[in-house]
Every structure is written in C-alpha cells, then in structure tokens.
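Below is one structure, written out as structure tokens, with a few remarks after it.
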Number of protein chains: 4
Amino acid sequence: MSAVAEDREGGARRGRPRDANVESAILDAAVAIINEVGYNDLSIEAVASRAGVGRPTVYRRWPSKLDLVVDAVVRLSPAVSAPDTGDVFTDLVELISGTIEDMTSSSVGRAILALAGTAAADRAELADRFNEHYLVPRRAAFLATLRRGIDAGRLRADIDPDLILDLMLGAPTYRWLTTGHPIDKIAARRVVETVWSLVKA
Amino acid sequence: MSAVAEDREGGARRGRPRDANVESAILDAAVAIINEVGYNDLSIEAVASRAGVGRPTVYRRWPSKLDLVVDAVVRLSPAVSAPDTGDVFTDLVELISGTIEDMTSSSVGRAILALAGTAAADRAELADRFNEHYLVPRRAAFLATLRRGIDAGRLRADIDPDLILDLMLGAPTYRWLTTGHPIDKIAARRVVETVWSLVKA
Amino acid sequence: MSAVAEDREGGARRGRPRDANVESAILDAAVAIINEVGYNDLSIEAVASRAGVGRPTVYRRWPSKLDLVVDAVVRLSPAVSAPDTGDVFTDLVELISGTIEDMTSSSVGRAILALAGTAAADRAELADRFNEHYLVPRRAAFLATLRRGIDAGRLRADIDPDLILDLMLGAPTYRWLTTGHPIDKIAARRVVETVWSLVKA
Amino acid sequence: MSAVAEDREGGARRGRPRDANVESAILDAAVAIINEVGYNDLSIEAVASRAGVGRPTVYRRWPSKLDLVVDAVVRLSPAVSAPDTGDVFTDLVELISGTIEDMTSSSVGRAILALAGTAAADRAELADRFNEHYLVPRRAAFLATLRRGIDAGRLRADIDPDLILDLMLGAPTYRWLTTGHPIDKIAARRVVETVWSLVKA
DNA sequence: TTATAAACGAGACGGTACGTCCTGTCTTTTA
DNA sequence: TAAAAGACAGGACGTACCGTCTCGTTTATAA
C-alpha cells in the first residue's frame with residue numbers, strides 16, 4: 001500500500017477528491033526526470049512542471065524529494081520473478097546478472113543506490129518503505145531459488161541464505177561501485193561459480 | 001599528486017602563485033561540513049565561508065562540488081595499514097571490519113559511497129582520482145595480506161585475490177547498503193569465516 | 001498608472017495576486033538608498049534587503065535597476081503645483097527656482113539627471129514613462145503659468161511656450177550641470193529677468 | 001597638464017619609468033569601450049584587457065573609473081574652433097549645433113553628460129579637471145564669438161556673455177535631456193533667433 | 001659595471017553583486 | 001475542499017568585476 005493512500009481510509013472526504021491521475025502523472029514525471037538527469041539534479045519544480053501540476057500538489061502528497069523518489073523508484077522497478085530453468089546454478093546466474101543489470105544500467109538504478117545510502121543513513125521510515133517494496137521482493141526471489149536448490153539436494157541445508165545472498169550480490173555490486181566497470185554475465189557467472197563451492201551439497 | 005597541483009609543473013608560472021594555505025583551508029572546511037550535514041547538503045557557499053575565502057577562490061580550483069568533495073575525501077581518508085598480527089585470518093577480520101567501520105560510521109564514509117555512485121556513473125576522471133587515492137591503497141593493503149597468507153602457505157596459491165576482496169568487502173557493504181544495519185566485528189568475522197574455506201590451503 | 005500594474009486589467013488573474021505592500025516597500029527602499037548613495041551605487045541586493053523582500057521579488061516586477069529607479073523617482077518626486085501669487089513674473093521665478101532646487105539638492109535629483117541621460121539614450125519606453133510621470137506635469141505647471149500671463153495681457157500671445165520653458169529651465173540646469181555650482185533664487189531671477197524681455201507684452 | 005603627469009616633476013625617479021605608450025593604450029581602450037557600451041557598463045577589467053595591460057597598471061595611474069573616464073573624455077573630445085564666417089549670427093548657429101551634436105551623437109557625448117552630473121555632484125577635483133579641459137575651451141570659443149559680435153557692433157556691449165551662453169546652449173541641451181529628441185540645426189537656429197533679439201545691438 | 005628600484009604582465013586573493021533557479025509556504029480563483 | 005496558478009522570503013548557484021596583493025621580468029638611474 002502506498003504511503004499516499006493511507007489517509008484515504010475512514011470514509012469519503014468532503015470537497016474535491018484527490019485525482020488519482022495526478023499521482024500517476026507526478027510519479028511518471030519523476031521517473032522520467034531521474035532517467036534524464038539523475039537523482040541529484042531532480043527538482044520538485046521540474047517534476048511538477050512536467051506533470052502539468054502545481055508544486056503544492058506535489059508537496060501535498062510527498063513531503064520531500066526523497067519521499068517522492070522512493071515512491072517513484074518503487075513504482076518503476078520491474079517486477080521480479082525467480083527464474084526457474086530447472087537448474088539452480090543457471091537460475092542464480094540469471095538472477096544475479098539481472099539484478100546487477102537493473103542496478104547499473106539505468107539512471108534509476110543509480111538513484112536506487114543513492115537512495116540506499118541516503119535513506120539507510122537517516123530515514124528509517126523511508127528505508128523501510130524502500131526495503132519493503134524493492135529489496136524484500138528481490139531477496140525473496142533469490143532466497144526462493146536457494147531454497148529450491150536445497151530441496152533438490154543440490155545445496156547444503158545448513159547454509160545461511162542471507163549471507164550467501166550478500167556474497168553473490170554484494171561482490172559484483174561492490175566491484176561496480178568501486179571501479180565503475182560494468183558487470184556482465186560472465187563476471188556474474190564467475191562469482192556464482194566461486195561461491196557455489198561453498199554451498200553445493 | 002593532487003589534481004589541483006598537476007598543472008604547476010613545467011617551469012615557473014606567471015602571476016601570483018596560489019596560496020597552499022587557502023587550499024588546505026578549503027579542504028578542511030569541506031571535510032568539516034560533510035561531517036556535519038553530509039554530501040548532499042554541502043554547499044560551496046558554506047565551504048567558502050567557513051574557510052574564510054571568497055567563493056570564486058573555490059571555483060578557481062575546483063569546478064564543481066563533486067570535484068571538491070572528491071579531493072576532500074581523499075585528503076581526509078585515514079591512512080591504511082595492513083595489520084600484521086602474524087595470523088592472516090585475524091588480519092583479514094581486522095581489515096574488513098576496519099574498512100567497513102570507515103565507510104559506515106562517519107558522514108564522510110557515506111559521502112564516499114555517494115561519490116562512488118555518482119563519480120563512477122558519469123565522471124570517469126573523478127572516479128579515477130578517487131580510485132587512485134582512496135580505493136587502490138585499500139585494495140593494496142588487502143591484497144598484501146592475502147599474499148602474505150599465500151606465502152605462509154595458509155592460503156591456496158591459485159585464488160583470484162580481487163574476487164576474494166570483492167566477496168569479503170562486498171558482502172558486508174551490500175548488507176549495510178541495503179538494510180542500513182551497522183556491521184560489527186562479529187558480522188565481519190562471519191564473512192571471513194565463510195569465505196575462508198574457499199581460500200584456505 | 002504604474003507600469004507594474006498595467007497588466008492587471010482585463011479580468012482577475014489566477015494565482016496569488018501581487019502584494020501592493022511589497023511594491024511600496026521596494027520603492028521606498030529604493031528611494032532611501034538613492035538618497036544615501038546615489039544611483040550608481042544602488043544595488044538591487046541592497047534594495048531587496050532593506051525592503052525585507054527576496055531578490056527575485058524585485059526582479060519579478062522590474063527587470064533592471066533602471067526600470068526600478070525610474071518608478072522610484074516617479075513615486076518620489078514631489079507634487080508640482082503652479083504657484084499663483086497674482087504676479088506672473090514672481091510665479092515664474094518661484095517655479096524655476098523650485099524645479100532647480102528639486103533637481104540639484106537631493107541625490108534623487110541627481111538620479112533624475114542620470115536617468116534623463118541614460119533613459120533618453122537607449123530606453124525609449126523608460127524615457128516615456130519618466131516623461132509622462134515626471135517631466136510632463138512639471139512642463140504643464142510651467143506652461144499654465146505662461147498661459148495665465150498671456151491671458152492677463154502681460155505676455156505676448158505669439159511666443160512659443162516650449163521654447164521659453166527650455167530657455168528658463170535649461171539655462172540654470174546647464175549652468176549647474178557644467179559648473180556644479182548651486183543655483184539660488186537670485187540666479188533664477190536673473191534668468192527670468194533676461195528672458196522676460198523676450199516675452200513681455 | 002594631465003593629472004597623471006603631476007608626480008613626475010622634481011627630478012628623475014629611480015627605477016623603470018612609466019611607459020607613455022601604456023597610458024595612450026589605456027585611454028584609447030577606454031574611449032573605444034565607452035563608445036561601445038557607455039559609461040555605466042565600462043569596466044576597468046575590460047579597459048585593461050583591451051589595452052593589453054595588467055589591471056594594477058591602470059589603478060597605478062587612475063584611482064577610479066571616474067578619474068580614468070574623465071581623462072579619456074578629455075583626450076577624446078574634438079578640438080573646438082570658433083567658426084568665423086564673417087557673420088556672427090551664422091557663427092553662433094554653427095557653434096551651438098556643433099556642440100549639441102557632440103553631446104548627443106556619440107556614446108562619449110552621453111558619457112560626458114553622465115560625468116557632468118556625477119563629477120559635479122561629489123568630486124570637485126574631477127569636475128575641475130573636466131571643466132578645465134573640456135568645458136572651458138568650449139565656453140571660450142563661444143564667448144570669443146560673442147565678443148566678435150560686440151566688437152563688430154552687432155551685439156549690445158552690456159550683455160552678460162555667460163548668461164547668453166547658458167541660454168543658447170542650455171535650452172537645446174535641456175530639450176534633448178528631457179525629451180530625448182535629437183536637436184538638429186533648425187532647432188539650434190530657432191534658439192539663436194529667439195535669443196538674438198536680447199543681444200542684438 | 002652592478003645594485004637598486006620602479007613599472008610591467010599576469011593572475012590569485014577576499015569580496016560584493018549580479019541575475020537565475022529552486023525551495024517550501026502562502027493566497028487566490030476555478031472546479 | 002482540492003487543484004492550478006503563481007507570488008512570497010529565502011538561499012545557493014556560478015559569473016563578472018572590484019581593488020589589493022604577490023610573483024617573475026624588464027628597464028631605467030644611482031652607486
């Protein structure tokens with residue numbers, strides 16, 4: 001449920017109701033602008049203007065740029081699905097390279113990282129929202145794949161799935177962050193191969 | 001070598017030379033402000049004012065806030081030293097928990113991450129400077145420790161040190177980034193323990 | 001009618017209307033500052049600050065310092081009244097010495113002259129505004145006095161009143177401009193006496 | 001004598017003497033820039049740069065923009081010569097229309113007026129210099145013409161030549177200043193004709 | 001000759017003001 | 001009563017000049 005909707009409950013309000021199209025238009029505009037100029041150079045002004053909306057209308061819904069962008073990123077992020085090719089190893093490579101691709105290819109991906117740092121640092125509530133809508137589904141898909149491997153007897157049952165996740169996603173993310181070099185599928189495969197020996201049954 | 005200094009070589013310049021104290025004052029001010037309000041809320045205005053310097057003097061040396069902050073962070077970053085307790089395992093735990101502590105405890109650490117994302121994304125030259133002065137020394141200390149382990153016969157000789165580094169540093173970094181939870185020495189030790197089996201001789 | 005107001009007509013505007021108090025505060029501040037430091041050293045910055053107003057608020061109404069000062073001077077200039085002592089000769093002396101006094105005694109007077117030169121030179125529209133609100137009323141008072149003299153049979157009916165005006169006001173103005181010496185009532189009387197013989201019936 | 005030269009007297013100085021070419025170059029540059037952008041938009045920076053000279057070199061000679069421009073205008077102003085067609089009336093028309101033309105046609109002319117106001121107002125010394133080098137020669141030419149008319153018996157001997165001058169030059173100047181309309185030879189002739197009856201023998 | 005001293009170009013310095021953009025709040029009309 | 005429009009105080013932007021101050025270099029006279 002969106003943070004925006006939560007004040008709707010409790011019966012119909014008086015006066016003109018909020019226009020749902022307005023909300024969409026604002027988030028769409030935010031996404032487009034992030035893609036063009038990145039998180040730092042996004043301004044509420046520009047979002048409102050592109051959405052064909054007054055600035056106060058934006059502020060009425062999101063108290064800050066950070067809040068707005070979190071919702072925009074959450075809305076934008078492509079749905080995740082745990083691939084199931086029948087081979088857990090392949091599934092893991094797919095998942096990781098897909099996730100890294102998400103992170104690194106678009107401005108939105110970079111916004112996500114900017115948000116990750118910022119929100120985690122001082123905005124627990126936002127971090128929670130971001131977690132709930134963005135990270136948790138991705139971790140879940142990953143963990144489901146691991147679980148499938150365990151059930152299939154290909155992975156050891158005593159592993160710490162979260163730690164494995166951190167290793168498999170953290171290593172390429174860190175490489176990208178610190179060197180700026182793109183992470184292709186081959187690099188992703190190498191990481192999975194390396195960690196694989198830790199987890200294989 | 002500082003980016004600021006590099007055009008000095010090749011004979012005496014004409015005109016009044018730049019004042020090194022001014023450079024120090026500006027970088028010190030930048031560091032202080034980053035620590036107080038973070039990268040995003042740092043303004044050139046505030047830096048100049050705190051440094052007791054005219055704004056144009058800042059712009060004369062660093063064309064943008066990003067350039068300035070990269071140099072400030074580079075100057076600030078504490079010297080790295082590869083610990084050498086005699087036990088490679090302990091050394092690795094120390095190194096990792098120290099590095100993560102660096103990253104996560106101070107505003108400057110968070111600025112570093114913000115920079116990592118931003119600079120990597122669109123400013124190859126800045127990323128290079130940041131790499132050269134900040135990341136490379138840290139990687140070097142880590143790799144030297146691994147090398148010592150190999151020489152001592154405790155680590156396999158055929159490992160890819162960079163990949164091991166990405167795993168050991170990437171996993172806790174990723175955890176911190178995505179959850180915001182601090183990484184203590186125990187968590188660092190768990191990562192090292194896990195990866196250790198990949199690398200032990 | 002103020003240049004600022006002229007685009008208000010034609011139905012109610014949307015959005016928050018401009019605050020008339022703000023306009024007053026800015027013009028008052030401009031007048032005060034002209035009186036203190038003169039036209040050349042007046043800065044929009046200082047005007048805004050003294051008026052307790054944001055700088056953009058000033059620019060929203062007047063695109064340049066010149067535009068602002070023209071309006072300020074127009075507002076400031078004391079109302080003119082054609083004196084009517086019953087004696088046209090005395091009236092003329094009063095009018096001239098008063099006008100010259102206006103021009104030369106205050107910083108605003110000097111601003112008026114600076115404006116006269118500047119505005120006339122390259123800003124027809126401003127010159128027109130200045131003319132309409134400042135010069136025309138003064139010319140009118142003068143011409144009315146001449147007309148009274150003609151009606152009373154003391155002045156010739158075939159004179160060119162504009163030319164007489166230029167002579168009576170231009171001579172002392174020119175003297176002041178080119179020598180910087182103040183023009184007192186005695187000097188004004190001498191001019192009127194001299195020109196009088198040209199116009200007396 | 002130029003204000004610049006006055007500290008030269010008293011024997012040769014030690015050290016490198018000032019370069020007269022530099023002085024010329026600066027004044028030429030100042031004149032050119034006044035012609036292009038006017039007095040208000042002239043900057044020392046631009047003058048120095050165009051003259052191929054360091055800024056301190058300008059300040060060494062002229063303490064302010066005003067001082068510099070006064071000298072520049074003085075240097076620029078075309079030599080005056082009292083025309084002598086044999087007919088005093090024609091001479092006066094020529095003189096007046098020429099002077100007005102000087103004043104109104106060029107940016108330098110407008111600078112002169114700006115200077116007249118500014119310098120007269122608060123800089124007695126500058127006003128004096130301007131007077132001495134610019135105005136006095138022009139008044140002298142005019143007065144010489146009047147004198148010739150008196151000697152020839154065409155003008156009354158008891159006139160106040162300064163007052164006549166103020167009338168004949170002041171009226172068209174004032175007209176131009178207050179209306180911005182150019183003063184052509186016909187307008188100049190009308191003024192002379194009008195005043196003529198005051199002065200003719 | 002050799003100092004010494006001033007002028008020169010260049011350009012950095014602490015500043016001020018520029019005119020613009022954006023912030024977050026407010027007031028008004030329209031729906 | 002929400003929405004759009006837009007004015008408001010304010011803050012920071014990056015730039016242009018200000019007038020002053022080093023610099024290294026050049027060009028004179030004085031020792």
Side-chain angles (χ1 to χ4, degrees), chain A residues 13-19 21-22 41-49 51-61 63-65, chain B residues 11-23 25 41-49 51-61 63-65, chain C residues 11-23 41-49 51-61 63-65, chain D residues 11-19 21-23 41-49 51-61 63-65:
Chain A
R13 290 285 183 282
R14 306 218 306 174
R16 177 173 174 175
R18 287 194 179 168
D19 183 341
N21 296 329
V22 163
D41 290 351
L42 172 142
S43 71
I44 300 285
E45 169 93 32
V47 171
S49 152
V53 141
R55 238 171 335 130
T57 300
V58 178
Y59 284 109
R60 202 172 289 124
R61 292 156 193 262
S64 78
K65 166 175 153 176
Chain B
R13 285 290 174 277
R14 314 224 301 178
R16 176 175 177 174
R18 290 190 177 168
D19 184 340
N21 297 328
V22 164
E23 194 168 309
D41 289 350
L42 173 140
S43 72
I44 300 282
E45 169 93 32
V47 171
S49 153
V53 142
R55 215 157 8 123
T57 298
V58 179
Y59 284 108
R60 200 173 290 126
R61 293 159 188 261
S64 77
K65 168 174 151 176
Chain C
R13 286 287 175 280
R14 312 225 303 177
R16 177 176 177 174
R18 291 193 177 166
D19 184 340
N21 297 329
V22 163
E23 193 168 310
D41 290 350
L42 172 141
S43 71
I44 300 283
E45 169 94 32
V47 172
S49 152
V53 142
R55 215 154 8 122
T57 298
V58 178
Y59 285 107
R60 199 174 292 125
R61 292 156 188 264
S64 77
K65 167 174 152 177
Chain D
R13 289 284 184 285
R14 306 221 308 173
R16 178 176 177 172
R18 288 192 180 166
D19 184 341
N21 296 329
V22 163
E23 195 168 309
D41 290 351
L42 172 140
S43 71
I44 300 284
E45 169 93 31
V47 171
S49 152
V53 140
R55 238 175 330 136
T57 299
V58 178
Y59 284 108
R60 202 173 288 126
R61 293 157 192 262
S64 78
K65 166 175 154 177

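Reminder, nothing fancy here: chain letters follow the sequence lines and each chain counts from 1.
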*Nucleotide F:dA5, atom C1' - distance to CZ of C:Arg18 in whole Å*: 13 Å

*List in chain and number order the residues that pass side chain to side chain contact (heavy atoms under 4.5 Å, CB included) with A:Ala46, two or more places apart in sequence or in another chain; answer none if no residue qualifies.*
A:Ile33, A:Ser43

*Tell me which of C:Ala51 and A:Val22 sits closer to the 5' end of DNA chain F, going by the nucleotide each one is nearest to.*
A:Val22

*Identify the heavy atoms of D:Arg61 and D:Val22 that sit nearest to each other, and give their distance.*
NH2-CG1, 3.8 Å

_At less than 4.0 Å, is any side-chain N or O atom of B:Thr57 found next to OP1 or OP2 of E:dG14? Yes or no._
yes

*CG of C:Asp19 versus P of F:dA7: gap in Å, rounded?*
12 Å

Might you list the N or O atoms of the protein lying below 3.5 Å from N or O atoms in nucleotides 16-18 of chain F, with each pair's distance?
residue: F:dC18; atom: OP1; partner: D:Ile44; partner atom: N; Å: 2.8
residue: F:dC18; atom: OP2; partner: D:Ile44; partner atom: N; Å: 3.4
residue: F:dC18; atom: OP2; partner: D:Glu45; partner atom: N; Å: 2.8

*asked:* Side chain of D:Arg16, heavy atoms from C-beta onward: which of E:dG9, F:dT27, F:dA5 has the nearest atom to it?
replied: F:dT27

*At under 4.0 Å between heavy atoms, what does B:Gly15 touch on the DNA or RNA strands: base, sugar-phosphate, or nothing?*
base

*Identify the two heavy atoms, one from B:Ala51 and one from B:Ala25, that lie closest to each other, and give their separation to 0.1 Å.*
CB-O, 3.6 Å

*Once you round it to whole Å, what is the distance between P of F:dA12 and CG of A:Asp41?*
17 Å

*Between atom CD1 of D:Ile44 and atom CZ of D:Arg55, what is the distance when rounded to the nearest 0.5 Å?*
9.5 Å

_Strictly below 4.0 Å: does A:Arg61 bring a side-chain N or O up to OP1 or OP2 of F:dA3?_
yes

